[in-house]
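Accompanying notes for the structure given below.
Please read these numbers as outputs of a predicted model, since none were measured by experiment. Counting starts at 1 for both ligands and their atoms, in listed order.
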Amino acid sequence: MAALPIEPRSARVVYRSCSLCEAHCGVGVEIAGSHVCTVRGDPDDALSRGYLCPKAYGLKALQDDPDRLRWPLIREGSEFREASWEEALSLVATRLAAIREAHGPDAIATYLGNPNAHDYAATFYLPVLLRALGTKWRFSATSVDQLPKMVSSALLFGAPLAVPVADIDHTDFLLVLGANPLASNGSLMTAPDFPGRLAALRARGGRLVVVDPRRTETAAIADEHLFIRPGADALFLFSLVHVLFEEKLVRLRALEAITNGVAQVEALAREFAPERTAAASGVGAARVRRLARDFAAAERAACYGRIGTCTQEFGTLASWLVDVVNVLTGNLDRPGGALFPRPAHAPADDRPRKPARVPYARWRSRVRGLPEFGGELPVAALAEEIDSAGDARVRALVTVAGNPVLSTPNAARLAKAIENLDFVVSIDLYRNETTRLADVILPTTTPLERTNYDMVFHGFSVRNHAKWSPAALPRPADARHGWELMLEIGARVNGAKPEQLDEMLFSGLLANALRACPGVDEPAARAKLGGEPGPERLLDLLLRAGPYGDRFDDAAPGLSLAKLQAAEHGVDLGPLSARLPAMLATASGAIELAPELLVADVARLRARIDAHGGGFVLIGRRHLRSNNSWFHNLPPLAKGKERCTLLVHPDDAASLGLAPGDRARVRSRVGAVEAPVEITDTMARGVVSLPHGFGHDAPGAQLAFAAQRPGVNSNLLADETLLDPLSGNAVLNGIPVEITPAA
Ligand SMILES: Nc1nc2c(c(=O)[nH]1)N[C@H]1C(S)=C(S)[C@@H](COP(=O)(O)OP(=O)(O)OC[C@H]3O[C@@H](n4cnc5c(=O)[nH]c(N)nc54)[C@H](O)[C@@H]3O)O[C@H]1N2
Ligand SMILES: Nc1nc2c(c(=O)[nH]1)N[C@H]1C(S)=C(S)[C@@H](COP(=O)(O)OP(=O)(O)OC[C@H]3O[C@@H](n4cnc5c(=O)[nH]c(N)nc54)[C@H](O)[C@@H]3O)O[C@H]1N2
Ligand code: SF4
Ligand SMILES: [Mo]
């Protein structure tokens with residue numbers, strides 16, 4: 001969508017970011033009174049320069065949605081009734097405390113959903129809530145998303161969130177696997193106006209190659225598209241690596257001195273000659289060889305993998321090999337390659353911290369023994385942790401901004417398990433497929449009713465950038481912010497006061513931040529930051545102590561929250577630049593290119609070279625006007641052509657006896673659904689696609705518009721026993737299915 005100048009037609013325009021996806025585009029929200037007139041792109045935004053996608057309109061539609069909850073709900077039998085905050089919060093605290101008292105803290109599981117990552121206050125205060133509950137049974141959308149990349153980054157670079165970002169604005173060659181940024185607007189890569197940035201890449205003579213089992217919107221504008229068999233990325237990437245070594249194209253440049261394990265990678269790659277892997281991956285050997293040569297020959301090149309490379313059987317290996325390709329061609333940490341951003345809230349210096357042990361498998365799930373990572377267990381284990389007998393089973397669930405019944409595997413089993421829990425509380429804006437099963441639903445303010453700073457996504461940005469988002473609307477009387485609820489519940493279950501928990505958090509962050517600010521003493525910093533509890537003080541602290549900060553000196557030129565607030569279109573902090581080796585947090589201080597855990601997993605991949613099955617497999621997809629499971633109740637975005645369709649290749653349709661408009665029955669080990677068929681040669685043969693986030697016909701949900709055209713829940717088919725075993729991430733792409741015409 002083109003940038004439009006913003007005319008001051010309405011009472012006022014508030015400049016902020018759209019928090020609906022990782023691109024975090026700058027928007028101008030036109031407000032009259034407490035009504036949102038419209039949302040437009042902000043041409044002066046330092047990063048997005050006016051770009052906006054249609055989904056931004058969701059900010060307004062969400063505001064106007066009559067089904068959005070404004071009051072706490074308490075279950076009574078099969079119905080809900082509105083309740084006061086005091087009644088609802090007191091019930092939540094009493095029940096959680098009683099369950100913890102009777103069965104221990106691990107009887108309470110938590111599930112944190114995706115929108116938390118778009119709310120800086122949640123980033124600060126969710127850890128407070130989790131600590132207050134004291135449970136180790138923590139789950140989140142991470143293990144149906146980017147967990148494999150985090151495991152890989154922890155092993156290679158020493159930090160789970162040290163994810164290199166492709167330098168899209170300066171590269172000459174972008175190799176994309178398992179991502180469709182023309183629909184998703186990019187992920188683990190904040191690049192507003194992805195389409196424009198890709199067009200610019202091609203206009204300056206650069207190349208775009210897309211590897212995907214579907215000829216996606218992104219593949220359609222690429223120089224080259226390679227169909228790949230779902231789950232075969234690690235095989236394909238190992239073959240690229242094989243060719244790099246065999247044809248002497250490996251050139252580490254500056255990384256030579258700081259990389260361990262190169263010879264080991266070379267040895268491992270020997271068995272993955274492209275001629276060996278072609279049958280399993282579906283990518284011909286000649287094309288792999290040519291691609292390896294072209295990538296190595298490019299002046300500046302970057303390999304980027306996303307959802308399709310993570311939510312699959314070899315998610316961690318594929319995520320690792322993406323970085324291996326960048327390292328072996330000397331493109332990591334190099335402009336035009338893949339670099340580590342340096343956000344304004346990060347620690348100021350890259351002094352080698354005490355290398356932390358990789359937070360992996362310190363405990364395991366009760367039933368299947370799946371490993372913890374970073375304090376979390378794989379969500380594919382949640383249902384069995386509830387419904388498998390035993391004293392230590394999960395008895396209560398706290399969900400925050402998540403809809404696991406639509407987003408995690410074996411949805412039918414999970415819904416049944418949640419229904420049978422002793423107590424469920426959901427902090428959420430809707431009574432949806434998950435929260436309808438709760439005993440208490442606590443709504444929060446909407447994105448436009450609260451302030452924000454793109455804490456998570458500034459860390460994955462293609463340019464260093466900082467932006468403050470003021471609230472565009474006043475908070476309605478009696479509405480609560482999510483962070484206030486997190487503090488309040490955390491305090492109440494422990495008989496403490498919210499201000500006490502806030503002070504503990506603040507003091508801890510302050511002590512930590514001041515370690516990087518020699519010469520600043522604590523009382524002076526406290527005086528500058530003021531005594532007002534809440535996220536703004538915490539952000540001010542991080543900004544002032546951060547790499548661009550003013551070190552608590554108002555007269556200094558550096559950043560503070562006040563200065564960021566004054567820059568209503570954001571602050572450009574420059575292009576990404578080299579940060580190695582200083583930021584490496586591995587025990588050796590080097591890049592560990594062949595860590596033991598990954599090397600050990602290669603045997604599983606090797607076994608797949610000759611044992612690739614036939615039969616149909618299911619993959620997912622995203623639509624530009626949708627957002628995971630929670631946008632289908634917004635009429636301006638959800639109307640139009642039916643989207644929950646099964647994409648099938650014409651030859652497959654013919655052999656299955658399916659004609660356009662027919663309905664197909666899709667069956668996996670765990671469930672079956674029926675969906676209308678769309679026949680298209682954009683699909684690879686043997687692969688069918690169904691979007692996730694549909695299935696809005698659950699009894700008890702309150703989603704009137706979505707229910708008119710509910711679609712089916714694709715996670716009724718996702719099998720909770722199919723995992724990337726190393727990370728525990730669910731396999732959501734490459735699920736074996738049988739397809740028949742529906743009766
Ligand atoms: N089959 C399949 N499954 C998938 C995927 C896939 O590609 N295929 N993708 C996976 C991915 S990448 C992700 S991230 C997950 C997402 O999984 P989830 O995070 O579980 O699901 P969402 O659909 O993002 O649900 C967000 C929830 O937050 C609520 N919400 C929205 N805004 C707010 C707010 O401001 N405050 C509060 N308290 N609540 C809010 C919404 O009402 C909704 O209930 O799904 C995963 N599941
Ligand atoms: N409009 C819109 N934008 C979104 C979202 C949304 O729901 N709607 N969700 C947001 C979220 S939470 C996330 S995590 C991001 C995700 O952002 P992306 O990773 O860009 O997500 P997708 O569009 O699902 O693209 C994944 C691609 O992987 C392909 N694929 C499937 N299996 C394989 C495989 O085995 N190998 C390879 N190479 N490819 C495979 C699929 O065909 C698909 O094209 O998008 C975010 N942005
Ligand atoms: S690309 Fe993402 S951040 Fe930008 S307007 Fe669309 S939904 Fe909002
Ligand atoms: Mo995601």
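Not one N or O on the side chain of T645 forms a donor-acceptor pair closer than 3.5 Å with the backbone of E678. Judged by distance alone, the side chain of W85 and the main-chain N or O of P72 form no donor-acceptor pair under 3.5 Å. Side-chain N or O atoms of N633 include one that pairs as donor or acceptor with a backbone N or O of F705 at under 3.5 Å. Looking only at distances, a side-chain donor or acceptor of D724 sits under 3.5 Å from a matching main-chain atom of T316.
At a heavy-atom cutoff of 4.0 Å, ligand 1 is contacted by no atom of Q146, backbone or side chain. At a 4.0 Å heavy-atom cut-off, ligand 1 does not touch T435 at all. If you look at R450 next to ligand 1, the close heavy atoms, those under 4.0 Å, all belong to the side chain.
Among all protein heavy atoms, the one lying closest to atom 7 (O) of ligand 1 is R622 NH1, 3.2 Å. Summary of contacts: the protein heavy atom closest to atom 10 (C) of ligand 1 is V144 O, 3.2 Å. The closest protein non-hydrogen atom to atom 41 (C) of ligand 1 is D428 OD1, 3.4 Å. Residue, atom and distance of the protein heavy atom nearest to atom 6 (C) of ligand 1 are H692 ND1, 3.4 Å. Among protein heavy atoms, the minimum distance from atom 16 (C) of ligand 1 is reached at N628 ND2, 3.7 Å. Closest protein heavy atom to atom 33 (C) of ligand 1: L429 CD1, 3.4 Å. Looking only at protein heavy atoms, the nearest one to atom 21 (O) of ligand 1 is S407 OG, 3.5 Å. Protein heavy atom at the shortest distance from atom 30 (N) of ligand 1 is P115 CG, 3.9 Å.
Side chain to side chain, N403 and E433 meet the donor-acceptor criterion of an N or O pair below 3.5 Å. Remark: the D65 side chain and the Y430 side chain contain an N/O donor-acceptor pair separated by less than 3.5 Å. With hydrogens and angles left out, the side-chain atoms of T311 and R306 include no donor and acceptor closer than 3.5 Å. Between the side chains of D145 and T142, no donor-acceptor pair is found at a separation under 3.5 Å. T218 and N180 share a side-chain donor-acceptor pair at under 3.5 Å. S319 and S152 are not linked by any side-chain donor-acceptor pair at a separation below 3.5 angstrom, with hydrogens and angles left out of the test. A donor-acceptor pair shorter than 3.5 Å cannot be found between the side chains of H692 and S714. A side-chain N or O of T446 and one of Q63 form a donor-acceptor pair less than 3.5 Å apart. One side chain, S689 or R621, offers a donor N or O that lies under 3.5 Å from an acceptor on the other.
Each of the atoms 42 (O), 43 (C), 44 (O) of ligand 1 lies under 4.0 Å from some heavy atom of N432. Proximity to N715 (heavy-atom distance under 4.0 Å) selects the following atoms of ligand 1: 1 (N), 2 (C), 3 (N). Heavy-atom proximity to Y430, at under 4.0 Å, picks out these atoms of ligand 1: 42 (O). Atoms of ligand 1 found under 4.0 Å from any heavy atom of G113, numbered from 1 in the order shown, are 19 (O). Heavy-atom contacts of L52 reach the following atoms of ligand 3: 5 (S) (cutoff under 4.0 Å). Shown in contact with S714 at under 4.0 Å from a heavy atom are these atoms of ligand 1, numbered in order with element: 1 (N). Short contacts between ligand 1 and N403, defined as distances under 4.0 Å to a heavy atom of the residue, involve ligand atoms 18 (P), 20 (O), 21 (O), 25 (O), 44 (O). Counting the atoms of ligand 3 from 1 in the order shown, those under 4.0 Å from a heavy atom of H24 are 3 (S). Interface of Y111 with ligand 1, defined as ligand atoms under 4.0 Å from a residue heavy atom, comprises 17 (O), 18 (P), 20 (O). Close approach to A56 involves these atoms of ligand 3, each under 4.0 Å from a residue heavy atom: 5 (S). Within ligand 1, counting atoms from 1 as listed, the ones closer than 4.0 Å to a heavy atom of N114 are 14 (S), 19 (O), 24 (O). Near C18, the atoms of ligand 3 lying under 4.0 angstrom from a non-hydrogen atom of the residue are 3 (S), 5 (S), 7 (S), 8 (Fe).
Using a 4.0 Å cutoff on heavy atoms, G693 does not count as a contact of ligand 1. Judged by the shortest distance from any of its heavy atoms, R480 lies outside the 4.0 Å radius around the atoms of ligand 1. Ligand 1 lies nowhere less than 4.0 angstrom from a heavy atom belonging to G620.
Note: no N/O pair closer than 3.5 Å links T445 and ligand 1 by distance alone. Close N/O approach between I427 and ligand 1 is found [any backbone or side-chain N/O within under 3.5 Å]. Considering backbone and side-chain N/O atoms, T408 never comes within less than 3.5 Å of an N/O atom of ligand 1. Residue contacts with ligand 1: T444 is placed with a nitrogen or oxygen under 3.5 Å of a nitrogen or oxygen of the ligand (distance criterion only).
Relative to atom 7 (S) of ligand 3, the option among H118, R625, K55 with the closest non-hydrogen atom is K55. Looking at C21, S17, C53, it is C53 that brings a heavy atom closest to atom 6 (Fe) of ligand 3.
In this structure, the ring of H118 has its center less than 6.0 angstrom from the ring center of H24. If you look at H632 and F694, their ring centroids are closer than 6.0 Å.
Taking the six-membered ring where the residue is Trp, H458 and H465 present perpendicular rings, their angle passing 60° and hence far from 30°.
Distance CZ/F373 to OG/S143: 12.0 Å, rounded to 0.5 Å. From I441, atom CD1 reaches atom CD1 of I74 across 11.0 Å, with rounding to the nearest 0.5 Å.
Among residues two or more places apart in sequence or in another chain, the salt bridge (charged side-chain N to carboxylate O under 4.0 Å, His left out) test is passed with R643 by none.
The nearest N, O or S atom of C25 is not closer to atom 6 (Fe) of ligand 3 than 2.8 Å.
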